[in-house]
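Because the structure is predicted, anything quoted here is derived from the model rather than measured.
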Amino acid sequence: MSHTTADTTLRAFARLIAEGTCLPVEDRAPGPLKTGVDLGTANIVLSVVDANNRPVTGAMFPSTVVRDGIVVDYVGAVSVVRRLKAEIEERLGCPLTFAGTAIPPGILAGNVKAIANVVEAAGFEVADVSDEPTAASRVLGLRDGAVVDVGGGTTGISILKNGEVIFTDDEATGGTHMTLVLAGAHGVSFEEAEAMKKDPAAARDVFAVVQPVVEKMASIVTRCLKGYDVETVYVVGGACTFDQFEQVFRKEIGLTIVKPAEPLLVTPLGIAMYGAKPGEGAL
């Protein structure tokens, strides 16, 4: 999938979520639907694609049940995923059985199991568990380069060569850290700072305060890239939506920086691409 095609696909997916609608049956590729569950620090996203990985529908719910890849509210996480599953199944008029999910790179095996357990307890059979930036690379059609997934709690990176992942890493710096810095600078609560961070009208002023956090993220990426032949870095995730984000990364890292359309939805869509019954494969 080219960068332009990926942007078109992501915008279509965003519209389906915003409108609470589905891709018409006649427009879907023949074959089983594939589902992804993204248990993010700031949002839980359920994504559905057809056999050709075209977005069919999706739903998103703001949540704090996961922190830095660790499930901190198991019952709450299961409840949200179960609710989104029921909503999507009603919209589609059919059950969803299998789902893929994803983890930040490098988390402990016990935390991986906890995330899979949430998906299973919500009524799915787990078809695939990927690391988040690798899932994002599927949407981008990336064969060579690096994907940086800047989530709520962590910054994850995957480096690909000839379509194969040759390096992954993850650091606990993300959107939550931006909010904490913002709260401290303005003397407000975390919740007030979070609302401020998400206010488009305040974006420029907010970024001036959180820029040091973005510079730290860039330094993490620079360290991870040492020794690897990388020309382009793709940034995805909800915490990279600021207009100035790429400029800071470009200055600090010194490479071509690409931010796709709807960066929050890249990883959730990529997770769904491997959310089919084992043996039915992923394109």
Side-chain angles (χ1 to χ4, degrees), residues 1-15 17-18 38 40-43 45 47 55 58 60 102 104-105 131-160 168-171 173-179 197-200 202-204 206-222 224-225 230-271 273:
M1 190 180 296
S2 70
H3 177 51
T4 302
T5 303
D7 281 353
T8 301
T9 299
L10 287 160
R11 291 189 180 102
F13 185 38
R15 282 195 298 272
I17 292 176
D38 184 10
T41 300
N43 300 281
V45 185
S47 313
M60 181 164 55
D131 70 75
E132 292 165 346
T134 301
S137 72
R138 299 168 186 158
V139 179
L140 304 172
L142 184 63
R143 293 191 57 80
D144 295 284
V147 179
V148 177
D149 190 335
V150 188
T154 61
T155 295
I157 179 170
S158 287
I159 299 174
L160 293 92
T168 63
D169 195 15
D170 188 68
E171 295 266 353
T173 300
T176 299
H177 301 79
M178 292 179 175
T179 305
K197 186 181 73 176
K198 293 179 178 179
D199 180 5
R204 185 168 293 277
V206 166
F207 192 81
V209 176
V210 304
Q211 182 169 332
V213 181
V214 179
E215 291 170 348
K216 181 181 179 183
M217 294 171 181
S219 71
I220 291 169
V221 175
T222 299
C224 291
L225 293 178
V230 172
E231 295 181 357
T232 304
V233 176
Y234 292 81
V235 290
V236 303
C240 77
T241 55
F242 293 99
D243 290 341
Q244 304 99 314
F245 193 97
E246 305 100 294
Q247 298 169 19
V248 172
F249 258 48
R250 193 174 297 114
K251 179 181 177 182
E252 297 292 323
I253 300 172
L255 297 174
T256 299
I257 307 297
V258 177
K259 183 172 70 178
E262 307 294 341
L264 172 63
L265 299 178
V266 179
T267 297
L269 194 59
I271 294 170
M273 291 180 178

Which heavy-atom pair separates [X] from [Y] by the least distance, and what is that distance?
X: Pro263; Y: Cys240; value: CB-SG, 3.7 Å
X: Leu264; Y: Met60; value: CD2-SD, 3.7 Å
X: Phe13; Y: Gly58; value: CE1-CA, 4.0 Å
X: Ser137; Y: Leu160; value: OG-CD2, 3.8 Å
X: Thr267; Y: Ala136; value: OG1-CB, 3.5 Å
X: Ala261; Y: Asp7; value: N-OD1, 2.8 Å

Nearest 0.5 Å please: distance from the CD atom of Gln247 over to the CD1 atom of Ile257. 11.5 Å

Output for pair (His177 NE2, Thr179 OG1), nearest 0.5 Å, gives 10.0 Å

From CA spacing to verdict: side chain to side chain contact (heavy atoms under 4.5 Å, CB included), Val266, Tyr234: CA-CA 11 Å; Val266 179; Tyr234 292 81; over 6 Å; no

With sequence neighbours left out, which residue pairs that include part of residues 238-258 fulfil the salt bridge (charged side-chain N to carboxylate O under 4.0 Å, His left out) condition? Glu246-Lys259

Side-chain contact, heavy-atom cut-off 4.5 Å: Val235 with Val221? no

Asp131 and Ser158: side-chain donor and acceptor closer than 3.5 Å? yes

Side chain Thr173, main chain Thr155, donor-acceptor under 3.5 Å: no

Has the side chain of Thr176 got a donor or acceptor atom that lies under 3.5 Å from a matching backbone atom of Gly152? yes

Please output the side-chain donor-acceptor pairs of residues 210-220 that fall under 3.5 Å, not counting sequence neighbours, one pair per line with the distance.
{"unit_1": "Gln211", "atom_1": "NE2", "unit_2": "Glu215", "atom_2": "OE2", "d": "3.1"}
{"unit_1": "Ser219", "atom_1": "OG", "unit_2": "Lys216", "atom_2": "O", "d": "2.6"}

Using the side chain to side chain contact (heavy atoms under 4.5 Å, CB included) rule, take Leu140 and Val258 through it: C-alpha gap first, then chi angles, then the decisive distance, then the call. CA-CA 10 Å; Leu140 304 172; Val258 177; over 6 Å; no

Before you tell me yes or no, could you show the steps for Met178 and Phe242 under side chain to side chain contact (heavy atoms under 4.5 Å, CB included), namely the whole-Å CA-CA distance, both residues' side-chain angles and the distance that decides it to 0.1 Å? CA-CA 12 Å; Met178 292 179 175; Phe242 293 99; 3.9 Å; yes

Of Val139, Val45, Asp38, the one forming a side-chain contact (heavy atoms from CB on, under 4.5 Å) with Leu269 is Val139

